[in-house]
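Before any comments, here is the structure.
Numbers here simply count residues along the sequence, with the first being 1. We count ligands from 1, going down the list as the structure has it; atoms in each ligand are counted the same way. The structure displayed is predicted, hence computed values, not measured ones.
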Amino acid sequence: MSEVLVLVDHIDGEIKKVTFELLTAARSLGEPSAVVVGTSGTAAKLKESLAAYGAEKVYVAESDDATGYLVTPKVDVLAALVASKSPAAVLVAASADGKEVAGRLAARTGSGLLVDAIGVEGSGSDVTAVQSIFGGAFTVKSKTTVGTPIVSVRPGGVESSESAGAAAEEVVEVPATDAAKATKITGAEPIVGGDRPELTEASIVVSGGRGVGSAEKFDVVEKLADAFGAAVGASRAAVDSGYYPAQFQVGQTGKTVSPQLYVALGISGAIQHRAGMQTSKTIVAVNKDAEAPIFEIADYGIVGDLFAVAPQLTDEVGKR
Ligand code: FAD
């Protein structure tokens with residue numbers, strides 16, 4: 001069976017659930033090999049969960065520099081593995097970092113790049129990416145014609161499932177970074193607020209739009225999110241109006257989310273917003289305008305004032 005490389009997405013050894021989705025997708029193509037790039041001891045922490053989702057091999061690329069130079073060490077490690085192992089494909093998360101890794105890796109290895117896939121099909125190096133385009137209006141399938149297919153996969157796009165793998169370790173070198181040329185990270189502050197899950201990782205997202213009306217009133221969105229244990233999102237109009245910080249924007253120029261449940265409060269459903277949430281499994285919309293386009297894609301719609309509906313939902317969810 002062909003080997004498929006999966007770049008493990010983690011923050012200081014804390015694994016992101018998109019990694020399990022990538023491993024599940026890789027299993028449909030061949031034998032998944034997880035690539036852990038991190039500081040010393042990272043792979044040992046992750047090995048058990050990587051094995052649970054079918055990693056047959058774990059490439060351990062650890063060094064003090066591994067997390068200190070933006071994405072450069074990850075690209076270096078993956079490029080070396082592509083050259084030495086000739087994998088059938090490389091899968092990375094379509095996160096901000098992952099997209100950069102994928103683009104650089106494709107350029108470095110002279111390979112084709114398939115971006116933002118919501119699924120993969122095929123076997124061996126005959127890889128087809130399934131992509132949702134034009135704000136979810138079309139689903140297309142595409143293939144590369146040169147090199148090793150490099151695929152970035154949208155978090156939440158693939159449903160993860162467990163399957164035991166051997167997780168046999170192989171230590172690989174992290175090529176030394178030329179500190180004079182590279183950009184070194186001098187400090188990092190997490191941008192996630194409180195105990196809420198990270199937006200792209202959350203299985204439930206509650207988003208507010210311009211209809212919320214002000215930053216102060218956005219707590220109606222936060223309260224419902226907290227009742228669900230969900231992440232909070234916002235439309236661009238809400239962000240541009242100063243209701244909520246930009247890192248929570250969902251849409252074409254914001255984050256792409258694909259949760260089990262997406263609740264849109266006071267969001268009209270412009271195509272640019274839909275582009276970032278259309279592949280959510282279940283969509284619930286609350287809008288006082290029955291003609292709002294969000295209702296075209298909603299599984300459940302409530303025509304009403306969000307300030308009357310959302311608190312009732314919050315109470316109801318809180319009781320369960
Ligand atoms: P509006 O369109 O103003 O809708 C507000 C809705 O709230 C209305 O439907 C109204 O009926 C409803 N409402 C008002 N009061 C209440 C109430 N009390 N109860 C219930 N409902 C109420 N947008 C994004 O979201 N994400 C992006 O990434 C993004 N990228 C863009 C990129 C480009 C290049 C461009 C041109 C635009 C982009 N936009 C993006 C903007 C997008 O076109 C819309 O303008 C934006 O999504 C609208 O946000 P909204 O739905 O919150 O506001």
**OP:** Could you pull out every protein residue that has a heavy atom closer than 4.0 Å to ligand 1, ordered by chain and then number?
**Re:** Gly209, Arg210, Gly211, Ser235, Arg236, Ala237, Gln249, Val250, Gly251, Gln252, Thr253, Gly254, Gly266, Ile267, Ser268, Ala270, Gln272, His273, Asn287, Lys288, Asp289, Gly304, Asp305, Leu306, Phe307
**OP:** Taking all non-hydrogen atoms of both residues into account, name the closest pair between Gly103 and Leu113 and its distance.
**Re:** CA-CD2, 3.9 Å
Subject >> Where at least one partner belongs to residues 11-49, residue pairs that pass ring pair (Phe, Tyr, Trp, His ring centres under 6.0 Å), sequence neighbours excluded >> reply: Phe20-Tyr53
Original post:
Is there any ring pair (Phe, Tyr, Trp, His ring centres under 6.0 Å) pair reaching into residues 285-320, and which pairs are they, with sequence neighbours excluded?
Top reply: none
Original post:
Side chain of Ser203, backbone of Gln260: donor and acceptor closer than 3.5 Å?
Top reply: no
Original post:
Looking at residues at least two apart in the chain, or sitting in another chain, which of them share a side chain to side chain donor-acceptor pair (under 3.5 Å) with Tyr244?
Top reply: Glu222
**OP:** Answer yes or no: is there an ion pair linking Lys281 with Asp299, defined by an N-O contact shorter than 4.0 Å?
**Re:** no
